[in-house]
Peer 1: 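Below you'll find the structure I mean.
As a basis for the values below, the full set of heavy atoms in this structure was taken, side chains included, without hydrogen atoms, waters or symmetry mates.
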Amino acid sequence: MTGPLVPFREVVLKVHSRCDLACDHCYVYEHADQSWQTQPRTISDDVIFRTAQRLAEHAKTHALPSVSVILHGGEPLLAGPARLRRVCEELTSAFDGVAELDLRIHTNGLQLSPRYLDLFDEFGVGVGISLDGDRAANDRHRRYADGRSSHPLVLKAVELLHQERYRHLDLGLLCTVDIRNDPHAVLDALTELEPPLIDFLLPHATWDTPPPRPDGSPTAYADWLLAIFDRWQEQGRPVPVRLFSSVLSTLGGGPSLTESLGLAPTDLVVVETDGRLEQVDSLKSAYEGAAATGFDVFTHTFDEVAGHPGVRARQLGLAGVGGTCRRCPVVRTCGGGLYTHRYRSEGPSGGFDNPSVYCADLFALVRGIEARTAAELVAPAVTGPAGAAAAQLDLDRTLLARLNADIGRHGGAEWEAAWELAAAVEASEEGARALDGVLSLPYARGWLLGALESVHEDPGAVRAAHRLSAYLAAAVVRGGLDLPVPVDLSGGGLFLPGLGGLRVADAGERGTGVLRAAGDGFLVRPAGGGAGARVVRPAEPGPGWRPLRRLAIPGAASGPVLDDADPFRDCFPVPAAAPLDDRAAADLGARIVEAWTLIGAKAPARAAEMADRLTTLTPLTGLDPAEPAVGRHGLGALGIPVDGGAEELAFALLRGFRRAELRALVDVTDLYAADGSWEHRMPWREEPVPFSRLLADTYERVALGAFEPSCLEGVPEALDMLEGAAEVTVGGKQLLDLMRKEI
């Protein structure tokens with residue numbers, strides 16, 4: 001098996017191999033593998049020491065920031081406080097200076113006492129307790145060998161853990177699903193205890209020993225869990241539920257949050273009480289020896305276990321599931337289900353190369369949660385222009401805050417002063433609006449990203465970040481704010497983003513000055529005084545002042561500017577054109593207006609969209625006349641060719657605006673995930689492409705189809721492919737729905 005070795009970040013350490021309950025659904029004692037009978041009851045000092053050393057060595061080799069160790073059994077509390085202290089001491093000592101150690105214990109709670117909890121408090125051991133719901137549900141399986149109920153003692157354990165001095169140790173409750181139990185009663189009983197988390201676990205089963213289905217329904221477990229989900233929703237989601245959170249995360253394009261779902265590689269290993277190193281414990285449900293590796297902590301490293309074929313098989317992501325699962329549209333969320341649940345001993349598909357025995361349940365569960373929550377999972381950016389603009393502004397503000405945090409002490413007094421001025425600008429409603437306006441300018445994104453990169457690569461290269469003062473100056477002018485702004489006049493000039501460029505004849509030796517708003521304009525006073533202190537009106541050309549040219553677009557209250565001056569406009573795949581003289585600018589502007597008129601005649605809705613959201617056109621060199629360019633900047637800017645007729649420019653404007661829209665959406669929301677894991681054939685081309693390319697081409701063709709109907713050929717088929725793909729998220733589906741309405 002190929003691919004890099006995945007280090008273990010989670011270790012289940014068996015500290016005791018027996019249990020004080022006789023749960024009839026336990027995978028350790030009641031299923032196929034009975035190797036527990038040969039295990040020492042309690043972990044020895046040698047096993048504890050060797051495990052700690054091996055694990056610390058593994059963490060150091062792979063530079064792991066943290067490792068979780070889960071104390072397990074049997075029932076781990078049967079090991080006793082002294083033995084558990086030894087475990088905690090050895091692990092803490094071994095990890096000192098190597099990595100953060102996250103210690104946890106999973107228990108049935110029957111033995112829990114202040115003596116244990118004081119020990120756990122000392123070493124920061126989190127405590128998870130198994131409880132299957134109300135008394136009737138819990139007593140269905142979790143009983144003593146003589147049939148007595150364990151429920152009252154478990155409730156006492158939870159009550160003890162919830163005392164103020166121990167509450168910080170609480171990890172939550174683990175509940176094994178039994179569809180014969182009342183789902184509402186189970187959830188109510190668990191939420192009433194106010195745990196920090198509830199983890200619902202499907203009972204371990206395989207195709208050889210399938211889960212019980214009393215009514216024969218293939219989706220009985222999904223129906224039960226969806227009843228829980230509905231109740232959970234009605235209650236206002238009072239407690240996080242890991243299973244539901246994981247499904248919601250992956251539907252939105254995020255990661256899986258549990259081993260039992262999703263395609264993330266496994267990073268868990270088990271250490272038995274005798275030091276044997278095994279695969280995930282649930283494999284004991286499949287067959288005798290299914291979890292064995294043949295390794296132990298005395299003679300083998302954790303790296304050797306990580307290279308074991310059985311471990312590697314669960315680290316292959318999509319390649320590790322069967323063909324049926326790879327073609328399933330929900331595989332990115334369910335991940336083929338828990339590896340153990342795919343096992344079948346007989347037939348041509350013997351082994352683990354099968355769908356989960358819960359396949360129908362998982363499909364119904366994912367689709368059920370999706371149907372119930374689609375509206376809340378869709379990012380505002382996908383719902384319309386207002387949402388997209390707000391999401392873009394949020395991203396720019398986040399980048400600015402990140403830049404301030406990353407510059408730290410490297411920014412010096414100049415950055416500190418600019419940051420304080422930003423706070424002063426935002427102090428008024430007019431200032432906050434003006435600052436939002438300049439941060440929404442397309443090239444603010446390019447500046448922010450470039451500044452972040454330069455600070456990370458070379459802390460001394462903080463000069464790019466000082467452009468903040470120019471944006472603040474533009475905000476002061478736009479808002480008419482009575483605030484002095486120190487500005488950089490080196491080179492004898494100043495560019496105000498979104499407004500224009502000023503040449504200052506007498507900038508002084510230091511090349512600095514102060515800008516202030518003045519009436520309906522502004523003035524700049526060089527540090528050394530001189531002729532530069534005059535009022536400039538932003539919309540009017542004047543001596544030394546060149547405003548950005550605004551195009552008069554038919555039917556638009558305010559057309560886009562033709563920006564051939566912003567020093568940060570060179571963020572496209574091809575070079576920006578040199579500043580245009582008046583004649584060249586007028587010629588290009590006339591052709592753009594003519595192109596816009598053509599679009600308005602054939603596709604008025606597209607023309608109106610562009611007029612509302614396209615703010616900046618930047619002339620570029622080296623472009624095909626009908627091809628636009630989209631760079632790494634915010635929504636609203638488009639690079640256009642300086643050559644070409646009106647019809648070619650019309651295609652360039654439509655294509656570019658659409659490409660910029662999609663890039664802006666991808667910047668702020670997950671329309672798809674796991675791109676490149678599958679290949680798709682476009683109806684208009686032969687070669688297979690990833691989802692992102694099919695989406696981009698289809699999205700563009702939908703827009704061009706209003707101008708040239710032949711562009712819509714194959715689009716309905718492409719939308720069908722996109723909607724049925726595993727990569728698409730709920731937000732992506734919403735976008736596809738909008739595209740269908742467009743055509």
Peer 1: Rounded to the nearest 0.5 Å, how far apart are OH of Tyr443 and CZ of Phe495?
Peer 2: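 Reported value, rounded in 0.5 Å steps: 9.5 Å.
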Peer 1: Closest approach of Ala475 and Val425, non-hydrogen atoms and distance?
Peer 2: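 It is CB-CG1, 4.3 Å.
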Peer 1: Any donor-acceptor pair under 3.5 Å linking the side chain of Arg525 with the backbone of Val514?
Peer 2: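 Not confirmed, Arg525 side chain does not pair with Val514 backbone.
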Peer 1: Quick one, Leu562 with Leu580, criterion side-chain contact (heavy atoms from CB on, under 4.5 Å). Give me CA distance, side-chain angles, the key distance, then yes/no.
Peer 2: CA-CA 10 Å; Leu562 195 61; Leu580 305 176; 4.2 Å; yes
Peer 1: Less than 4.5 Å apart, any side-chain heavy atom of Leu403 and any of Val455?
Peer 2: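 In contact.
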Peer 1: Check whether Glu648 reaches the backbone of Gly645 with its side chain - one donor and one acceptor, N or O, closer than 3.5 Å.
Peer 2: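 Yes; judged by distance alone, with no hydrogens or angles, the pair exists.
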Peer 1: Salt-bridged, Arg663 to Asp667, with N to O below 4.0 Å?
Peer 2: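 Salt bridge: no.
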Peer 1: Under the side-chain hydrogen bond (donor to acceptor under 3.5 Å, both in side chains) rule, collect the residues that match up with Ser256, sequence neighbours excluded.
Peer 2: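 Counting only residues at least two positions away or on another chain, Ser256 forms a side-chain hydrogen bond (donor to acceptor under 3.5 Å, both in side chains) with Ser246.
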Peer 1: Step through the shown structure and confirm whether more than 12 heavy atoms of other residues, nucleotides or ligands are within 6.0 Å of CG on Asp581.
Peer 2: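 It does: Asp581 CG has more than 12 such atoms within range.
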Peer 1: Under 3.5 Å, side chain of Thr729 to main-chain N/O of Leu671, donor-acceptor pair present?
Peer 2: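 Side chain of Thr729 to backbone of Leu671, a donor-acceptor pair under 3.5 Å: yes, one is there.
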Peer 1: Decide yes or no for Val561 and Arg550: does some side-chain heavy atom of the first lie under 4.5 Å from some side-chain heavy atom of the second?
Peer 2: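 Counting from C-beta outward, Val561 and Arg550 do come under 4.5 Å.
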Peer 1: Any Lys/Arg nitrogen of Glu661 or Arg658 sitting under 4.0 Å from an Asp/Glu carboxylate oxygen of the other?
Peer 2: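 Looking at Glu661 and Arg658, the cut-off is met.
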Peer 1: Compare all side-chain heavy atoms of Leu623 with those of Ile640 and state whether any distance is below 4.5 angstrom.
Peer 2: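 They are not in side-chain contact.
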Peer 1: List the steps, then state whether side-chain contact (heavy atoms from CB on, under 4.5 Å) holds for Leu472 with Leu435.
Peer 2: CA-CA 7 Å; Leu472 295 174; Leu435 186 57; 4.0 Å; yes
Peer 1: So how far is it from Leu502 CG to Leu523 CG, rounded to the nearest 0.5 Å?
Peer 2: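 Interatomic distance, Leu502 CG to Leu523 CG, rounded to 0.5 Å: 10.5 Å.
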Peer 1: I need the Arg242 CZ to Leu197 CG distance, nearest 0.5 Å.
Peer 2: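 Result: 5.0 Å between the selected atoms.
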Peer 1: Identify the heavy atoms of Leu649 and Gly644 that sit nearest to each other, and give their distance.
Peer 2: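 That would be CD1-O, 4.1 Å.
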Peer 1: For Pro628, is there any backbone N or O sitting under 3.5 Å from a side-chain donor or acceptor partner on Arg655?
Peer 2: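 No, Arg655 side chain to Pro628 backbone: no donor-acceptor pair under 3.5 Å.
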Peer 1: Would the number of heavy atoms belonging to other residues, nucleotides or ligands and lying under 6.0 Å from CZ of Arg402 be above 12?
Peer 2: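 At most 12 heavy atoms, drawn from other residues, nucleotides or ligands, come within 6.0 Å of this atom.
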Peer 1: Counting distance only, does the side-chain N/O of Arg332 pair as donor-acceptor with the main-chain N or O of Thr250 below 3.5 Å?
Peer 2: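 Present.
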Peer 1: Nearest 0.5 angstrom please: Ile743 CD1 to Thr698 OG1, how far?
Peer 2: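 Rounded to the nearest 0.5 Å, the CD1-OG1 separation comes out at 9.5 Å.
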Peer 1: What verdict does the side-chain contact (heavy atoms from CB on, under 4.5 Å) test give for Thr333 and Leu251, after you've listed the backbone C-alpha separation in whole Å, the side-chain angles of each residue and the deciding distance to 0.1 Å?
Peer 2: CA-CA 7 Å; Thr333 293; Leu251 285 174; 4.1 Å; yes
Peer 1: May I have the step-by-step check of side-chain contact (heavy atoms from CB on, under 4.5 Å) for Leu736 and Leu695, ending in yes or no?
Peer 2: CA-CA 9 Å; Leu736 295 174; Leu695 176 64; 4.0 Å; yes
Peer 1: Using a strict threshold of under 4.0 Å (side-chain N to carboxylate O), is an ion pair present between Arg467 and Asp488?
Peer 2: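 Looking at Asp488 and Arg467, the cut-off is not met.
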Peer 1: When the ring planes of Phe691 and Tyr672 are compared, do they come out parallel, tilted or perpendicular, using 30° and 60° as the limits?
Peer 2: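 Aromatic pair Phe691/Tyr672 classed tilted.
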Peer 1: What is the distance from atom CZ of Phe651 to atom CG of Leu598, rounded to the nearest 0.5 Å?
Peer 2: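 One gets 10.0 Å once the value is rounded to the nearest 0.5 Å.
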Peer 1: Could you check if a side-chain atom of Leu448 sits within less than 4.5 angstrom of a side-chain atom of Leu400, using non-hydrogen atoms only?
Peer 2: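 In contact.
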Peer 1: Would a 4.5 Å heavy-atom cut-off, applied to side chains only, mark Glu723 and Val728 as touching?
Peer 2: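 Result no, sub-4.5 Å side-chain heavy-atom pair not found.
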Peer 1: Residues in side chain to side chain contact (heavy atoms under 4.5 Å, CB included) with Pro573, at least two apart?
Peer 2: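 In terms of side chain to side chain contact (heavy atoms under 4.5 Å, CB included), with neighbours along the sequence ignored, Pro573 is linked to Ala629.
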Peer 1: Could you check if a side-chain atom of Leu399 sits within less than 4.5 angstrom of a side-chain atom of Trp447, using non-hydrogen atoms only?
Peer 2: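 A side-chain contact is absent here, since even the closest heavy-atom pair is not under 4.5 Å.
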Peer 1: Donor-acceptor pair, Thr597 side chain versus Val593 backbone, under 3.5 Å?
Peer 2: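 Side chain of Thr597 to backbone of Val593, a donor-acceptor pair under 3.5 Å: yes, one is there.
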Peer 1: Do Ile553 and Pro560 have side-chain heavy atoms sitting under 4.5 Å apart?
Peer 2: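 Yes, side chains in contact.
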Peer 1: Answer yes or no: is there a donor N or O on one side and an acceptor on the other, between the side chain of Gln392 and the main chain of Ala664, under 3.5 Å?
Peer 2: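 Yes.
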Peer 1: On a heavy-atom basis, which atom in Gly636 and which in Leu614 lie closest, and how many Å separate them?
Peer 2: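 Nearest heavy atoms, Gly636 then Leu614: O-CD1, 3.3 Å.
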Peer 1: Between Asp587 and Arg583, does a salt bridge (Lys or Arg N to Asp or Glu O under 4.0 Å) hold up when you go through it step by step?
Peer 2: CA-CA 6 Å; Asp587 175 62; Arg583 182 175 178 179; over 6 Å; no
Peer 1: If you compare all heavy atoms of Pro538 against all heavy atoms of Pro547, which two are closest, and at what distance to 0.1 Å?
Peer 2: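 That would be O-CB, 3.2 Å.
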Peer 1: Is it true that Arg659 and Glu627 have a side-chain N and a carboxylate O under 4.0 angstrom from each other?
Peer 2: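 A salt bridge links Arg659 with Glu627.
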Peer 1: With a cut-off of 6.0 Å (strictly less than), are more than 12 heavy atoms of other residues, nucleotides or ligands near CD of Glu647?
Peer 2: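 Counting neighbours around CD of Glu647, 12 or fewer heavy atoms of other residues, nucleotides or ligands fall under 6.0 Å, so no.
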Peer 1: Check this for me: does any side-chain nitrogen of one of Arg569 and Asp564 sit under 4.0 Å from a carboxylate oxygen of the other?
Peer 2: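 Not counted as a salt bridge, because no side-chain N and carboxylate O are separated by less than 4.0 Å.
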Peer 1: Taking NZ, NE, NH1 and NH2 as the nitrogens, is one of them in Arg693 or Asp697 under 4.0 Å from a carboxylate oxygen of the other?
Peer 2: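 Looking at Arg693 and Asp697, the cut-off is met.
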Peer 1: Looking at Arg701 and Leu712, would you say the former's side chain and the latter's main chain have a donor-acceptor pair under 3.5 Å?
Peer 2: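 Not a single qualifying donor-acceptor pair exists.
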Peer 1: Please report the shortest heavy-atom distance between Leu665 and Leu735, naming the atom on each side.
Peer 2: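 Answer, listing the atom of Leu665 first, then Leu735: CD1-CD1, 4.0 Å.
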Peer 1: If the threshold is 4.0 Å, N to carboxylate O, is there a salt bridge linking Lys741 and Asp737?
Peer 2: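 Between Asp737 and Lys741 there is a salt bridge, with a charged N closer than 4.0 Å to a carboxylate O.
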Peer 1: At their closest point, which heavy atom of Pro497 faces which heavy atom of Tyr471, and how far apart are they?
Peer 2: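 Taking Pro497 first and Tyr471 second, the nearest heavy atoms are CB-CE2, 3.6 Å.
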Peer 1: Measuring only between side-chain heavy atoms, which start at C-beta, is Ser677 closer than 4.5 Å to Glu727?
Peer 2: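 Ser677 does not reach Glu727 side chain to side chain.
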Peer 1: For the OG1 atom of Thr616 and the CG atom of Asp563, what is their distance to the nearest 0.5 Å?
Peer 2: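 Thr616 atom OG1 to Asp563 atom CG measures 6.0 Å (nearest 0.5 Å).
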Peer 1: With Ala473, which residues qualify under side chain to side chain contact (heavy atoms under 4.5 Å, CB included), at least two apart?
Peer 2: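 Val485, Val487, Leu496, Leu515.
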